[in-house]
Amino acid sequence: MDRYNFKTAEAKWQNIWAEHGSFEADEDPERPKYYVLEMFPYPSGRIHMGHVRCYTIGDVVARYKRACGFNVLHPMGWDAFGLPAENAAFENKVHPAKWTRENIAAMRDQLKSMGLSYDWRRELATCEPEYFRHEQKMFLDFLKAGLAYKRESWVNWDPVEQTVLANEQVIDGCGWRSGAPVERRLLAQWFLKITKYADDLLETLAELDRWPDQVRLMQANWINRSEGATVGFSLAGRTDSLDVFTTRPDTLFGASFCAIAANHPLALELAESDPELATFIERCSRMGTSEAAIEAAEKEGYLTALRACHPFSKNWELPVYVANFVLMEYGTGAIFGCPAHDQRDLDFARKYGLDVVPVVAPNDGSGAEIGSEAFTGDGEIINSEFMTGLDVEAAKRRAIDELERLNSGQSKITYRLRDWGVSRQRYWGCPVPVIHCESCGNVPVPEPELPVTLPDDVDFEQSGNPLDHHPTWKHVPCPVCNKPAERETDTFDTFFESSWYFVQFGSTEQERIFSRAEADYWMPVDQYIGGIEHAILHLLYSRFFTRALTDCGYLDVKEPFAGLLTQGMVCHETYRDASEEMGGWLFPEQVTRDSDNKLVQVGNGRPVVAGRSEKMSKSRKNVVDPELIIATYGADTARLFMLSDSPAARDLEWTDAGIEGAWRYTNRIWRMIAKPEFHLSPVTGDAPETFDDASEEVLRKIHRTIADVTADFDAFRFNRAVARIRELTNTLANLDGDSADRAWTRRFGFETTAQLIAPVMPHIAEELWSLLGHKSLLSDTAWPSADETYLSEDTVTLAVQVNGKLRGTIDLPVDVDKQIAEERALALENVARATGGIAPRKVIVVPNKVINVVL
RNA sequence: GCCCCUGUGGCGGAACUGGUAGACGCGCUGGAUUCAAAAUCCAGUUCCCGUAAGGGAGUGCGAGUUCGAUUCUCGCUGGGGGCACCA
């Protein structure tokens with residue numbers, strides 16, 4: 001028998017599917033639709049294993065749902081704007097557009113070799129004007145709707161390169177290329193009003209019942225609605241006051257200081273006449289703009305000359321600090337500190353020798369004294385005049401009432417969620433379609449002039465924004481008054497493009513924006529698949545965009561993704577040269593085993609140390625190239641391995657042994673099913689009248705497997721589905737004999753195997769299907785259904801425990817009387833020995849599961 | 001620092017809603033086949049004691065709830081993701 005030739009078979013079926021337009025989907029009101037989408041890739045140049053995993057999962061879902069009768073939309077595109085293209089331009093002198101388009105072409109070929117069931121007619125690339133012209137129009141509509149506005153905001157500024165840095169370009173507070181300490185700088189930037197929908201985005205999470213709980217929780221924490229109060233502290237000797245936001249107005253009598261952000265207007269004002277403060281503020285600004293850097297830094301404060309008067313006692317003055325942990329972006333950029341009941345305030349108070357006054361006494365009577373830990377629980381208010389004796393909730397209300405009466409504060413709801421800053425001072429992005437005119441202000445580019453495209457002749461040698469220093473591009477007449485004006489030189493954040501691409505896939509012609517009818521038919525995405533790293537930002541921005549587009553009349557849908565699956569990362573062991581101290585990283589293909597089974601380098605035999613398994617990354621060199629794997633084992637084997645071992649949501653460990661195991665299985669089903677004697681046998685005829693016991697048992701297994709695999713695919717338990725199919729293969733391999741009943745059963749088993757494995761290994765499944773005599777495509781064949789009569793069992797094995805320890809098992813009829821089960825269990829020799837003749841105190845019988853004898 | 005997730009044999013993992021821990025695969029051991037090897041097929045494989053029957057331990061660590069905990073609660077610890085300009 002011929003060995004399975006995956007090279008010819010995979011190419012053959014890919015061509016046949018393409019010729020048949022097998023995966024092209026169009027609106028069809030008669031059929032239920034199913035939209036499955038994987039997060040589109042950034043065109044970095046080559047696909048990596050993370051892509052292979054994500055797109056395999058998506059393809060299994062798409063092919064399975066298609067077999068189940070759904071009109072499946074399964075598109076693919078390119079998230080084509082972004083920083084790496086500009087870095088490539090800087091390093092390799094390639095134009096970002098050329099680099100990006102070549103990468104797309106290469107990656108498209110790689111994806112096609114995987115046999116993915118995409119409707120390629122719908123392919124889009126976000127860097128093409130046909131795509132981004134639509135989002136420029138959307139932005140203008142957002143402007144009209146009051147959903148976009150401009151204000152000043154802080155950026156990381158590299159003083160040497162004279163350019164804005166992304167957070168990933170800031171390493172330990174310094175610019176990645178210049179090494180110069182980064183500064184914070186204010187810049188006028190465009191924002192989208194995501195906070196308008198804060199409550200809706202938060203509340204609707206409850207309805208997203210096909211999203212992982214952890215993602216919904218992360219989003220809820222990100223939005224973080226908090227109810228509290230603004231409290232006005234008048235400032236001694238000044239006419240203005242300091243507004244702070246707090247969620248704990250009940251602890252106001254425990255206040256011992258106020259603190260303001262380093263970039264708070266008051267801090268900046270004081271710094272003008274206080275050089276030491278100016279130095280402190282400058283040091284804070286070196287921490288960059290990332291919250292992680294700010295929060296992880298040691299808490300420090302600078303004591304100012306300001307004194308804040310307590311709202312409930314005018315003679316009580318609190319010191320005012322400028323502190324590096326207070327964020328200008330949250331609340332009012334100022335806090336009051338109650339060290340007894342907030343851990344961060346306590347740490348700060350201990351460091352600067354401030355009072356710690358407990359005002360909440362724990363209900364458990366453990367005393368109100370504060371040691372090294374703040375008490376944040378509920379309790380009885382003490383030391384608090386009119387609030388003393390109340391519980392925390394009542395005291396919060398009482399404090400707010402009092403603040404309102406004194407006209408020095410009111411209840412307030414704030415969100416951690418901030419408006420989305422979409423301005424980027426970069427070239428390779430979608431231009432913001434606005435013109436600045438000295439007399440008319442920010443003027444939208446008139447719609448007939450869209451799209452605003454990027455100039456091709458740009459210089460990446462010069463630092464700063466290439467659009468800004470282009471000689472002619474930005475100089476245009478004002479559309480209103482015709483006087484000389486300047487284009488906006490910012491481009492959009494690339495999250496802008498990825499916040500609506502899933503709707504545009506509804507259109508089959510990329511130069512035409514999706515129609516309302518297309519969006520109404522296809523949206524929402526029924527199943528979205530991608531990495532957990534996008535759990536917050538991309539998904540939240542997309543949810544916002546969908547609402548904004550609905551408000552602007554583009555759509556009538558609130559939530560873009562009805563179902564979400566977040567897949568884990570692909571990991572691999574790391575290797576280093578052991579012959580030198582901290583030797584360099586080695587690629588897996590540079591490492592082999594010598595005769596003593598020790599790890600050595602290929603070629604020179606030098607020793608190698610294996611490190612722990614980590615996410616595949618170029619920097620660690622622990623990468624395996626999908627193209628090489630597909631060339632060696634074929635797409636089906638690669639796809640099988642991607643799904644075999646790990647649940648989709650967990651990390652996957654790539655091993656040579658694992659891919660070899662998948663390869664063996666590919667050959668195993670081929671050897672089993674593709675025997676010449678089956679090639680010519682007729683397509684399954686009527687079933688024989690009777691089956692012998694062995695056939696009957698195999699039939700049960702086949703139907704059981706259909707039911708289990710169907711349930712597993714429905715729940716995205718691909719690894720279990722694969723295990724069930726392998727079990728079926730083992731069972732079928734043991735069924736021999738040529739009698740009519742056995743031959744029929746075996747053939748039925750083979751056909752079922754081909755059908756069940758088809759979503760995972762579509763090429764070999766199609767090949768086997770045709771070898772079994774079918775003239776139609778397996779990809780056009782309906783999913784098999786299990787015959788209920790084969791699924792029910794008449795006996796069941798129960799576990800018998802004594803005091804919770806397993807002492808034996810008994811086979812009993814299903815749903816047997818509890819009394820009989822108990823008697824049979826107690827009669828077991830092993831149970832009698834374990835009880836030692838002592839009469840059981842009670843016997844717990846869980847029907848069809850377990851009998852527990854309790855002594 | 002804050003938020004979220006995760007830890008089961010030599011390895012990847014399974015165990016549905018608290019009910020026989022280790023399905024399936026890898027690896028390993030023994031056997032068959034072969035001139036030999038590869039490939040393939042068969043059997044075994046959590047650890048400890050025992051020829052066996054059987055017994056003991058066991059799901060990161062420590063407690064708790066329960067007749068019964070991988071599953072629920074609390075604390076600790078290792079690993080990972082996110083933290084708003086990487087995508």
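Labels below follow one simple rule: chain letters A, B, ... track the order of the sequence lines, proteins then strands, and each chain is numbered from 1.
Comparing A/Leu83 and A/Gly808 by the nucleotide of RNA chain B whose heavy atom lies nearest to each, the residue mapping closer to the 5' end is A/Gly808. Position along RNA chain B of the nearest nucleotide to A/Gln801 versus A/Trp154 favours A/Gln801 as the more 5'-ward residue.
For the C1' atoms, the distance linking B/A21 with B/G13 amounts to 13 Å, nearest Å. Using C1' as the reference atom, B/A53 and B/G9 are 25 Å apart when rounded to the nearest Å. B/C47 and B/C42 have their C1' atoms separated by 26 Å, with the value rounded to a whole Å. Rounded to whole Å, the separation between the P atoms of B/U33 and B/A23 comes to 30 Å. Distance noted for atom P between B/C4 and B/C72: 16 Å (whole Å). Comparing the same atom, C1', in B/G44 and in B/G56 gives a spacing of 22 Å after rounding to whole Å. B/C35 sits 25 Å from B/U29 when the C1' atoms are compared, rounded to a whole Å. B/G25 and B/U45 have their C1' atoms separated by 14 Å, with the value rounded to a whole Å.
Contact between the side-chain N/O atoms of A/Thr494 and the OP1/OP2 oxygens of B/A87 is found at a separation under 4.0 Å. For B/C41, the OP1/OP2 oxygens have no side-chain nitrogen or oxygen of A/Asn734 closer than 4.0 Å. The phosphate of B/A23 has neither OP1 nor OP2 within less than 4.0 Å of any side-chain N or O from A/Arg704. The phosphate of B/A57 (OP1 or OP2) has a side-chain N or O of A/Lys805 nearer than 4.0 angstrom. Contact annotation: A/Arg807 reaches the phosphate of B/G56 (side-chain N/O to OP1 or OP2, under 4.0 Å). A/Arg424 has a side-chain polar atom (N or O) that falls below the 4.0 Å cut-off from OP1 or OP2 of B/C85. Regarding contacts with the backbone of B/C24, every side-chain N or O of A/Asn719 stays at 4.0 angstrom or more from both OP1 and OP2.
As rounded to whole Å, 8 Å separates atom P of B/C16 from atom CZ of A/Arg720. Atom CG of A/Asp645 is separated from atom P of B/U8 by 14 Å (rounded to the nearest Å). A/Met218 has its CE atom 10 Å from the P atom of B/U6, to the nearest Å. Across the protein-nucleic acid pair, A/Glu168 atom CD and B/C85 atom P stand 12 Å apart, rounded to whole Å. Atom CD1 in A/Ile659 sits about 18 Å away from atom P in B/G12, given to the nearest Å. Spacing between atom CZ of A/Arg841 and atom P of B/G68 amounts to 9 Å, rounded to whole angstrom units. Regarding A/Asp213, its CG atom lies at a distance of 22 Å from the P atom of B/G81, rounded to whole Å. Distance A/Arg416 CZ to B/A84 P: 9 Å, rounded to the nearest Å.
Cation-pi check for A/Arg424 over A/Phe496 is not met; the charged atom does not lie both under 6.0 angstrom from the ring centroid and within 45 degrees of its normal.
Of the listed nucleotides (B/G19, B/C83, B/C26), B/G19 has the atom at the smallest distance from the side chain of A/Ile844. Taking every side-chain heavy atom of A/Arg668 into account, B/C41 is the closest of B/G19, B/A84, B/C41. Closest to the A/Val846 side chain, of the nucleotides B/G1, B/G19, B/U40, is B/G19. Closest approach to the A/Asn852 side chain among B/U20, B/G19, B/C24 is made by B/G19 (side chain taken as heavy atoms from C-beta onward). Side-chain proximity of A/Val164 to the nucleotides B/C24, B/G81, B/C85 is greatest for B/C85. If you check B/A84, B/A14, B/A15 against the side chain of A/Pro647, the one that comes closest is B/A14. Comparing B/G19, B/A87, B/G13 by their nearest atom to the side chain of A/His534 picks out B/A87.
In this structure, A/Tyr415 has no ring pair (Phe, Tyr, Trp, His ring centres under 6.0 Å) partners at least two apart in sequence or on a different chain. Every residue meeting the side chain to side chain contact (heavy atoms under 4.5 Å, CB included) condition with A/Glu300, not counting sequence neighbours, appears here in chain and number order: A/Phe280, A/Arg283, A/Asn324, A/Lys351, A/Tyr352.
Shown here, B/G13 is classed anti by the O4'-C1'-N9-C4 or O4'-C1'-N1-C2 angle, which is more than 90° from 0.
Donor-acceptor pairing under 3.5 Å is recorded for the side chains of A/Thr289 and A/Asn156. Side-chain atoms of A/Arg833 and A/Asn830 form a donor-acceptor pair, as typed in the model, at a separation below 3.5 Å.
Between the side chain of A/Arg724 and the base of B/A23, at least one donor-acceptor pair of N or O atoms lies under 3.5 Å. Side-chain N/O atoms of A/Gln425 and base N/O atoms of B/C85 include a donor-acceptor pair closer than 3.5 Å. No N or O donor and acceptor, one from the side chain of A/Gln219 and one from the base of B/C4, sit under 3.5 Å apart. You won't find any donor-acceptor pair under 3.5 Å spanning the side chain of A/Asn221 and the base of B/C3, going by distance alone.
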Set out, in order, the CA-CA distance, both residues' side-chain angles and the distance that settles side-chain contact (heavy atoms from CB on, under 4.5 Å) for A/Met616 and A/His48, then state yes or no. CA-CA 9 Å; A/Met616 282 190 181; A/His48 55 69; over 6 Å; no
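Ion pairing between A/Arg704 and A/Glu727 fails under the 4.0 Å rule for side-chain N and carboxylate O.
A 4.5 Å side-chain heavy-atom check between A/Ile851 and A/Arg824 finds every atom pair outside the cut-off.
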